[in-house]
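Counting starts at 1 for both ligands and their atoms, following the listed order.
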Amino acid sequence: MEEAYRAGKLRAIGVSSFYPERLVDVAALAEIPPAVNQVETHPFRQQDAAHAVMAELGVVHEAWAPFAEGQNNIFADPTLAGIDAKHGKRPGQVVLRALMQKDVVVIPKSTHRERMAENSDVFDFELDAEDMAAFAALDDGTLPRIFAHYDPKVVGWLVRDLVRTQQLGGGTLY
Ligand SMILES: NC(=O)c1ccc[n+]([C@@H]2O[C@H](COP(=O)([O-])OP(=O)(O)OC[C@H]3O[C@@H](n4cnc5c(N)ncnc54)[C@H](OP(=O)(O)O)[C@@H]3O)[C@@H](O)[C@H]2O)c1
């Protein structure tokens with residue numbers, strides 16, 4: 001990636017699911033440190049500690065699965081419903097806005113055009129301190145819900161799958 005960057009083929013280098021110890025390692029050893037780190041981040045796992053390390057290293061924190069892939073019945077969550085009613089917005093919009101106000105870049109995914117429009121319409125309101133405190137309380141401190149990238153079994157599965165994907169000439173895993 002550094003070679004491609006120096007050759008002008010890349011404008012920036014990004015990594016994904018690099019938790020603090022691994023991010024500090026790569027940022028210290030790489031000649032061109034990562035510009036962005038995409039990490040599982042959503043209301044139930046807001047990654048405040050990892051965010052602090054990224055901020056210190058000057059790495060942009062980007063959320064993957066900002067809606068927790070729909071887990072926890074997120075779009076009907078009563079806390080989010082209370083905040084969205086106050087602002088005349090939808091629960092997903094509150095999630096995206098709250099993460100953005102925490103300096104997290106969000107990349108929600110939807111297969112529905114109207115939801116894509118809804119998810120983009122988050123620049124005309126601001127959550128106040130009370131809203132942000134309620135949002136912060138949704139983080140239950142549990143382990144990652146989707147992939148535990150520090151679990152050797154998960155890493156083994158990901159690496160084997162990635163190698164198999166490349167051998168088949170397919171795309172990338174993420
Ligand atoms: N780097 C990594 O390891 C990694 C891992 C996972 C994901 N990602 C990336 O992160 C991005 C998003 O993650 P994701 O797709 O896994 O999860 P997500 O964005 O948290 O959730 C997507 C789910 O939310 C639904 N949804 C989206 N907008 C909605 C709305 N306004 N109202 C109601 N439902 C809504 C979608 O349904 P519909 O599609 O039916 O609308 C879909 O079921 C993707 O670009 C993905 O590639 C990266």
Between ligand 1 and S110, can you find any atom pair, the residue atom being a heavy atom, that is separated by under 4.0 Å? yes
Which heavy atom of D131 sits nearest a heavy atom of I83, and at what distance? O-CD1, 3.6 Å
How does P66 reach ligand 1, by side chain, by backbone, by both or by neither, if only non-hydrogen atoms under 4.0 Å count? both
Excluding sequence neighbours, so at least two apart, what forms salt bridge (charged side-chain N to carboxylate O under 4.0 Å, His left out) with E118? R90
Which of these, K109, Q38, R115, Q71, has its nearest heavy atom closest to atom 27 (C) of ligand 1? K109
A65 neighbourhood, listing ligand 1 atoms whose heavy-atom distance to it stays under 4.0 Å: 10 (O), 12 (C), 13 (O), 17 (O), 18 (P), 20 (O)
Only heavy atoms of P108, strictly under 4.0 Å: list the atoms of ligand 1 that pass. 19 (O)
Sub-3.5 Å N/O-N/O distance, F67 and ligand 1: yes
Should the heavy atoms of other residues, nucleotides or ligands under 6.0 Å from CD of E3 be counted, would the total exceed 12? no
Between F125 and H87, how do the two ring planes meet: parallel, tilted or perpendicular, split at 30° and 60°? tilted
Determine whether the side chain, the backbone, both or neither of E118 has a heavy atom under 4.0 Å from any heavy atom of ligand 1. side chain
For ligand 1, the portion of S16 having any non-hydrogen atom under 4.0 Å away: side chain
Under a 4.0 angstrom heavy-atom cut-off, which atoms of ligand 1 come close to A68? 20 (O)
What closest approach, in Å, do P91 and F75 show between heavy atoms, and which atom pair accounts for it? CG-O, 3.3 Å
If a pair satisfies salt bridge (Lys or Arg N to Asp or Glu O under 4.0 Å) and one of its residues is in residues 94-112, list it, with sequence neighbours excluded. D48-K102
Without swapping roles, check the side chain of E2 against the backbone of I32 for a donor-acceptor pair under 3.5 Å. yes
